[in-house]
Amino acid sequence: QVQLVESGGGLVQAGDSLRLSCAASGRTSSSYFVGWFRQAPGKEREFVARIRWSGSSASYADSVKGRFTISTDNPKNSVYLRMNSLKPEDTAVYYCAAGVRVSGGAWTGDYWGQGTQVTVSS
């Protein structure tokens with residue numbers, strides 16, 4: 001069982017930066033993938049990024065590639081999402097997830113946080 005708690009969301013202007021944090025508790029391994037998803041109003045949840053707890057094998061959705069950076073801090077059992085050059089279309093509830101993988105052709109996770117709101121004004 002893995003528990004995840006996100007923090008760091010807020011209201012920012014287009015072009016600003018924001019860093020989301022996710023504190024994890026429970027048993028994990030260095031090869032386990034953790035990551036971020038987001039869900040905008042009226043839209044389906046979408047994959048944003050994932051990384052192994054070891055800090056290797058990061059991957060991103062095309063929509064955020066080059067602007068967002070995912071990272072881990074193993075001693076703190078935390079995963080971060082640094083978001084630069086934010087756009088209004090990045091507005092969504094962002095969810096931290098553990099066990100991120102593709103299943104049945106869709107991105108999914110085994111465990112989820114409660115979500116944190118990110119709002120980007122134009």
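We use all heavy atoms of the structure for the numbers below, so side chains are in, but hydrogens, waters and symmetry mates are not. Residue indices begin at 1 and follow the sequence shown. All values derive from a computational prediction rather than experimental measurement.
Transitive grouping of hydrophobic side chains (ILVMFWY, heavy atoms separated by less than 4.5 Å) keeps L18 and Y80 in distinct clusters. Linking Ile, Leu, Val, Met, Phe, Trp and Tyr residues whenever their side-chain heavy atoms come within less than 4.5 Å leaves V48 and Y95 in two separate clusters.
From F68, atom CZ reaches atom OG of S85 across 9.0 Å, with rounding to the nearest 0.5 Å. E6 contributes atom CD, which lies 5.5 Å from atom SG of C96 (distance to the nearest 0.5 angstrom).
The residues K65 and D62 are annotated as salt-bridged, a charged nitrogen and a carboxylate oxygen being separated by less than 4.0 angstrom.
For R45 and W112, the positive end sits near the middle of the six-membered ring, less than 6.0 Å away and at most 45° from its axis.
Around CD of Q3, the count of heavy atoms belonging to other residues, nucleotides or ligands within 6.0 Å exceeds 12.
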side-chain contact (heavy atoms from CB on, under 4.5 Å) between D90 and R67, worked out
CA-CA 11 Å; D90 294 318; R67 299 189 298 122; 2.8 Å; yes
Using side-chain contact (heavy atoms from CB on, under 4.5 Å), reason through D16 and V120 one step at a time and then give a plain yes or no.
CA-CA 8 Å; D16 284 352; V120 184; over 6 Å; no
Could you check E46 against E44 for side-chain contact (heavy atoms from CB on, under 4.5 Å), going step by step and ending with a plain yes or no?
CA-CA 6 Å; E46 64 173 348; E44 293 186 353; over 6 Å; no
Determine, step by step, whether K76 and S21 satisfy the side-chain contact (heavy atoms from CB on, under 4.5 Å) criterion, reporting the C-alpha distance in whole Å, the side-chain angles of both residues, the deciding distance to 0.1 Å, and the verdict.
CA-CA 11 Å; K76 295 184 179 180; S21 300; over 6 Å; no
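Y60 and A49 get closest at one heavy-atom pair: CD2-CB, 3.6 Å.
Between the side chain of R50 and the main chain of V100, a donor-acceptor pair closer than 3.5 Å is present. Judged by distance alone, the side chain of Q39 and the main-chain N or O of A92 form no donor-acceptor pair under 3.5 Å.
The aromatic rings of F37 and F47 sit perpendicular, their planes meeting at an angle over 60°, well past the 30° parallel limit.
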